[in-house]
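Below: the structure, in structure tokens.
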Protein chains: 2
Amino acid sequence: MISNKAKYAFRALLAVAAAPAGESLTSAEIARRHSIPHKFLEQILLDLKKAGILESRRGKSGGYIMLRPADTVSFAEVLRLFDGPLAPLPCLSRQSYRPCEDCISEAQCEIRREFARAHEASRRILEARTIADALNGRPFEAIPAERSRAAS
Amino acid sequence: MISNKAKYAFRALLAVAAAPAGESLTSAEIARRHSIPHKFLEQILLDLKKAGILESRRGKSGGYIMLRPADTVSFAEVLRLFDGPLAPLPCLSRQSYRPCEDCISEAQCEIRREFARAHEASRRILEARTIADALNGRPFEAIPAERSRAAS
DNA sequence: TGAAAACCTACTAGCTTGATAGAGATAATA
DNA sequence: TATTATCTCTATCAAGCTAGTAGGTTTTCA
């Protein structure tokens with residue numbers, strides 16, 4: 001299960017990305033429209049800003065706006081930001097690899113082998129799909145097949 | 001990330017399933033061989049027994065043995081048993097469905113739509129792969145395509 | 001100067017994880 | 001029958017995490 005924090009982050013991002021170009025949205029407005037605790041949302045928006053995804057304007061008539069275009073922000077990136085590694089095992093994480101304690105041999109670990117498949121399947125989708133895709137409902141079939149397995 | 005408990009459960013199950021037919025394994029032996037805290041493992045084995053996956057014999061020369069054949073025990077089942085629903089959102093869980101609070105329309109929820117794809121991909125693999133598959137290294141390609149989408 | 005907004009830091013209740021502890025029940029065997 | 005090895009059950013606990021709440025500071029606009 002993803003955390004509430006991540007869920008709120010997605011809602012907020014979708015809201016900001018859906019706003020007319022150049023128009024900013026205040027945290028209070030987002031909170032009201034999506035029933036998110038306001039102060040909690042503020043922290044989340046701040047994280048999104050620190051991550052370089054959102055831009056903010058302070059003061060009266062301030063608010064939030066996309067910094068990076070919505071089609072460059074993947075679900076995987078946002079989820080990682082709030083919930084940590086996507087991988088089901090530390091030894092399967094690319095971004096924050098860590099061997100399991102007491103692991104004798106990664107190559108021979110059946111658990112790793114099985115979860116690697118499952119993880120790879122969902123990882124590819126979360127990595128490929130962006131906030132923009134979600135907004136305009138681009139169908140799943142349009143995801144280009146990932147050829148480069150080398151980096152895995 | 002899956003819990004330590006689930007990881008231990010997989011290790012233990014693989015060990016019991018790998019034992020020669022009819023031969024039982026004691027919790028102490030499994031704990032020793034896989035560096036799992038003994039008393040903690042006992043709880044886990046008990047859960048596996050209550051779930052009808054393992055069988056136990058008490059007393060001297062007791063131990064654990066598979067109750068159900070290893071090729072009927074899926075990774076999904078074991079993971080659910082210890083870590084709860086596989087679904088990233090409550091509204092995506094088949095076994096323990098629950099709407100998100102404050103959800104206005106499931107059909108129109110972009111977050112649900114995106115995560116549904118990712119979840120379905122890994123769910124199918126975890127559901128299809130069994131302890132027996134993991135043990136004899138049956139290649140992933142051999143998984144039969146799931147045709148019935150109706151139950152989704 | 002006042003209002004509205006983002007920004008920052010601290011705190012907290014309740015839950016979950018990953019165990020540890022100790023006693024009881026049962027079965028083989030000496 | 002006593003011993004011993006094993007599973008079984010229940011309670012407890014420290015540490016960390018989740019989902020916030022709280023209260024102030026800074027910035028900007030009118």
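All chains are named by letter (A, B, ...) in the order of the sequence lines, taking the proteins before the strands, and each is independently numbered beginning at 1. The analysis underlying the following values was restricted to heavy atoms, covering all of them including side chains, and did not include hydrogens, waters or symmetry mates. Since the structure is predicted, the reported quantities are computational estimates derived from the model, not experimental observations.
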Exercise for the section: Go through A:E101 and B:K7 one step at a time and tell me if the salt bridge (charged side-chain N to carboxylate O under 4.0 Å, His left out) criterion holds. Expected result: CA-CA 11 Å; A:E101 301 163 22; B:K7 209 190 305 181; over 6 Å; no
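- Taking the six-membered ring where the residue is Trp, the centroids of A:F82 and A:F10 are separated by 6.0 Å or more.
- Of the two residues near DNA chain D, A:K39 and B:H38, the one whose nearest nucleotide lies more 5' is B:H38.
- Look at B:Y64 and you'll find a side-chain N or O under 4.0 angstrom from OP1 or OP2 of D:dT8.
- Of all heavy-atom pairs between B:V78 and B:V73, the closest is CG2-CG1, 3.7 Å.
- Taking every heavy atom of both residues into account, A:A15 and A:H34 meet most closely at CB-CE1, 3.7 Å.
- With respect to the salt-bridge test (charged N to carboxylate O, under 4.0 angstrom), the residues B:R113 and B:E106 do not qualify.
- The phosphate of D:dG20 has OP1 or OP2 within less than 4.0 Å of a side-chain N or O from A:Y8.
- One atom, CD of A:E29, and another, P of C:dA5, lie 10 Å apart when rounded to the nearest Å.
- Nearest nucleotide to the B:F40 side chain, out of C:dG18, C:dA21, D:dG20: C:dG18.
- Two residues, A:P37 and B:T26, neighbour DNA chain D, and the one matched to the more 5' nucleotide by heavy-atom proximity is B:T26.
- For residues 44-60 of chain A, proximity to DNA chain D is found at A:R58, A:G59, A:K60, defined as any non-hydrogen atom under 4.0 angstrom from a strand atom.
- Between the side chain of A:E42 and the base of D:dT21, no donor-acceptor pair under 3.5 Å is found.
- For the pair B:S3 and C:dT17, the criterion of a side-chain N or O lying under 4.0 Å from OP1 or OP2 is not met.
- As judged by a 4.0 angstrom heavy-atom cut-off over every strand, A:F82 is placed among residues making no nucleic acid contact.
- Ionic pairing of B:E42 and B:K49 is not present here: no N-O contact between side-chain nitrogen and carboxylate oxygen is shorter than 4.0 angstrom.
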